[in-house]
Amino acid sequence: MSTVVDTASEQALQVAGPLQLPPRTHAELHDELHARPPLRTTACCVVSYWAQAGLPAEVAEAALRVACADAGQPAPQAGARHHLIETGGWALKYERHGEFVSWQLRLDLPADPRQEPELLLGAMLRADARHALSPAFFTVLGEHPMLAATHVVVWPVEEDGMLRQARRVMAQLLAATRSDDDTSHNLLGSWIADDRAAVFTHLLLDDAGFTRFLLLDVQLSEQQRAREVQRIVEIEGYRALAMLGFPLAHQESAQLGVLERRLLQAVDQFAGQGHQAGESEQQLQDRRLFAELVAIASEVEHGVARSRYRFSATRAYHRIVARRLQDLRESRIQGLQTLGGFLSRRFTPAMEFCESTDARLSDVAQRVQRVVELIKVRVETRREDDNQEVLQALGRRQHLQLRLQQTVEGLSVVAISYYAVSLLSYVFKLLKTVPAIEALHIPVEAAVGASVIPVVLMVAWFVRRIRQHHSVD
């Protein structure tokens, strides 16, 4: 019955036709999750990895086209950021990152069971996967230097005795690689991937500039083996990239030492400026101090602009190395130092030095800013004191002007009163000619004298009204 129903449903769907769904946007962003897969490794092989910084994209793509021609495969489109070439005996993975290009080449190695294990392993450790490519490939690459390079030999083991043999062969390789009697370079090794594999290295460069790792595959699946090799080569690559900030940190640290001494002298000069100096001398000292601080601040900002990108990249690469080391899940092999333990003693302090140098740059910039703010506060305080003195002088001047104005008003009352009384004397003389007033026998001088006080009072009242009117306006 259910079969009949399912058949009917399928027929209904076929009649309805395919669904018209909207197109998926940014599919390439989703595909980035599956991009750059680890290079597939075989049970017995050598993986050669090298990274080149500053390699032009057109040169890398030209070399990639040569490799594709050697493999008889079509070349990728121009601008491809990653590509994988797989053949019967070798494979090449190309990746173009932000500031470097990486090549990862796998060469399958023949494992002859009739040969002595130590001799076989010794021959494998001298293998170089680059011989799988034609010389034309490296001719196209030219003289662009390698930033990081390593060989990872993958060797399957089934017995515990293989571990002892591997240690002896790596110790012999270490003795052959060292050019002096320095015993500071010891063999590094650890169990990884929850004791499913072991890794050995001495992190020394051979004549071609490569380090060498030996990965003993005890119980790894094919995918696990590819991931472990990928982690090892990325530890080497990103470690070298992170170390690019180390010489810059030394350069900036030496420059910071000079700037810090100059800043200390400026602060001492600011704190020890005598208050007994004259006003003009203090202003001159402030201008000189401010000019020195501006020069220090400009040099600090130049250092920040020169190093901030590299220090940020160093910080990011350091985090990647730490994450890859954590993903290895190392456990100690008796008598050997782990790779993570070695890097924590040698590599991590260099990264912390870069971090501290970056922090010192920010600290000096903040200290300069604080001293500049203190100078501004002192200048503003001095300016406020000057403004206060100017206001006090203006107040005294206004008081004097008020006293002068009052004096002038008093004199103006007297002058106006004098002219008013003079005019009244003419009026009284004219009235003297009137018979009715002349019969009173009032002397003109007496009338004028009697009018002085009323006139003065009236003029004073009138001037006061005018002054009040203008003060209100």
Side-chain angles (χ1 to χ4, degrees), residues 30-49 71 82-95 102-113 115 117 120-121 123-125 127-129 132 150-167 169-170 188-201 211-239 320-334 336 338-340:
H30 174 77
D31 293 340
E32 188 66 23
L33 295 174
H34 306 283
R36 309 174 192 268
L39 181 65
R40 187 181 64 84
T41 58
T42 57
C44 188
C45 65
V46 57
V47 176
S48 296
Y49 168 90
H82 50 84
H83 186 68
L84 179 64
I85 303 174
E86 282 276 5
T87 67
W90 58 272
L92 176 67
K93 185 172 74 166
Y94 159 79
E95 291 184 354
S102 67
W103 307 89
Q104 194 170 341
L105 180 62
R106 186 204 76 226
L107 176 63
D108 299 337
L109 298 176
D112 189 356
Q115 193 173 5
L120 175 62
L121 182 56
M124 292 171 61
L125 284 174
D128 190 336
T150 188
H151 299 297
V152 180
V153 173
V154 180
W155 193 35
V157 296
E158 297 178 355
E159 303 176 1
D160 292 340
M162 292 293 186
L163 187 61
R164 293 190 296 271
Q165 293 174 355
R167 293 179 63 171
V169 173
M170 288 297 295
L188 308 175
S190 61
W191 290 106
I192 62 174
D194 299 327
D195 297 345
R196 291 187 175 90
V199 63
F200 295 92
T201 185
T211 60
R212 290 190 177 270
F213 286 83
L214 172 61
L215 177 64
L216 300 182
D217 182 3
V218 179
Q219 198 181 359
L220 291 176
S221 65
E222 181 179 351
Q223 293 182 350
Q224 287 177 327
R225 186 170 59 240
R227 287 197 299 268
E228 297 305 325
V229 171
Q230 182 71 24
R231 287 164 183 157
I232 291 172
V233 300
E234 286 185 352
I235 286 173
E236 273 295 279
Y238 287 114
R239 179 180 63 85
I320 294 177
V321 172
R323 193 177 303 118
R324 296 298 183 269
L325 285 171
Q326 183 179 2
D327 292 340
L328 284 179
R329 301 189 301 279
E330 287 188 291
S331 59
R332 185 175 298 277
I333 295 177
Q334 184 66 30
L336 294 182
T338 64
L339 180 62

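Below, each value reflects all heavy atoms present in this structure, side chains not excepted, and no hydrogens, waters or symmetry copies. Here the structure is a predicted model, which is why all the values come from computation and not from measurement.
Checked against the 6.0 Å centroid criterion, the rings of Tyr49 and Trp103 do not qualify as a close aromatic pair.
A donor-acceptor pair is defined here as one N or O able to donate and one able to accept, closer than 3.5 Å; no such pair exists between the side chain of Gln224 and the backbone of Ala193. A side-chain donor-acceptor contact under 3.5 Å links Thr201 to the backbone of Arg212. In this structure a side-chain-to-backbone donor-acceptor pair under 3.5 Å is present from Ser48 to Ala129. Distance alone, capped at 3.5 Å, is enough to place a donor-acceptor pair between the Arg106 side chain and the Arg40 backbone.
In this structure, Leu39 and Val229 have side chains that are not in contact, with every pair of non-hydrogen atoms separated by 4.5 Å or more. Taking the side chain as every heavy atom from C-beta outward, Leu215 and Asp217 never approach each other to under 4.5 Å. Residues Phe213 and Leu339 are in side-chain contact: their nearest non-hydrogen atoms beyond the backbone lie under 4.5 Å apart. By the 4.5 Å heavy-atom criterion applied to side chains, Leu325 and Ile235 are counted as neighbours. Within the 4.5 Å cutoff, the side chain of Arg323 has heavy atoms near those of the Asp327 side chain. Proximity of Thr41 to Val47: side-chain heavy atoms (C-beta onward) are separated by under 4.5 Å at one or more points.
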task: Please report the C-alpha distance between Trp90 and Ile85 in whole Å, then the side-chain angles of each, then the deciding distance to 0.1 Å, and finally whether the side-chain contact (heavy atoms from CB on, under 4.5 Å) criterion is met.
output: CA-CA 8 Å; Trp90 58 272; Ile85 303 174; 4.1 Å; yes
task: Determine, step by step, whether Phe200 and Leu216 satisfy the side-chain contact (heavy atoms from CB on, under 4.5 Å) criterion, reporting the C-alpha distance in whole Å, the side-chain angles of both residues, the deciding distance to 0.1 Å, and the verdict.
output: CA-CA 8 Å; Phe200 295 92; Leu216 300 182; 3.5 Å; yes
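For the residue pair Pro38 and Ala226, the shortest heavy atom distance occurs at CB-O, 3.7 Å. Closest of all the heavy-atom pairs between Val46 and Val153 is CG2-CG2, 4.0 Å. Of all the heavy atoms in Gly189 and Ile333, the pair that sits closest is C-CD1, 4.1 Å. When all heavy atoms of Leu188 and Thr338 are compared, the pair lying nearest together is CD2-O, 4.5 Å. For the pair Asp108 and Thr42, the tightest heavy-atom approach, listed with the atom from each and the gap, is OD1-OG1, 3.0 Å. Of all non-hydrogen atoms in Asp195 and Ser331, the two that sit nearest each other are OD1-OG, 2.7 Å.
Taking a cutoff of 4.0 Å between a charged side-chain nitrogen and a carboxylate oxygen, Glu236 and Arg239 qualify as a salt bridge. A salt bridge is absent between Glu228 and Arg196: the closest approach of a Lys/Arg side-chain nitrogen to an acidic carboxylate oxygen does not fall below 4.0 angstrom.
Within a 6.0 Å sphere centred on CD of Gln326, heavy atoms belonging to other residues, nucleotides or ligands number 12 at most.
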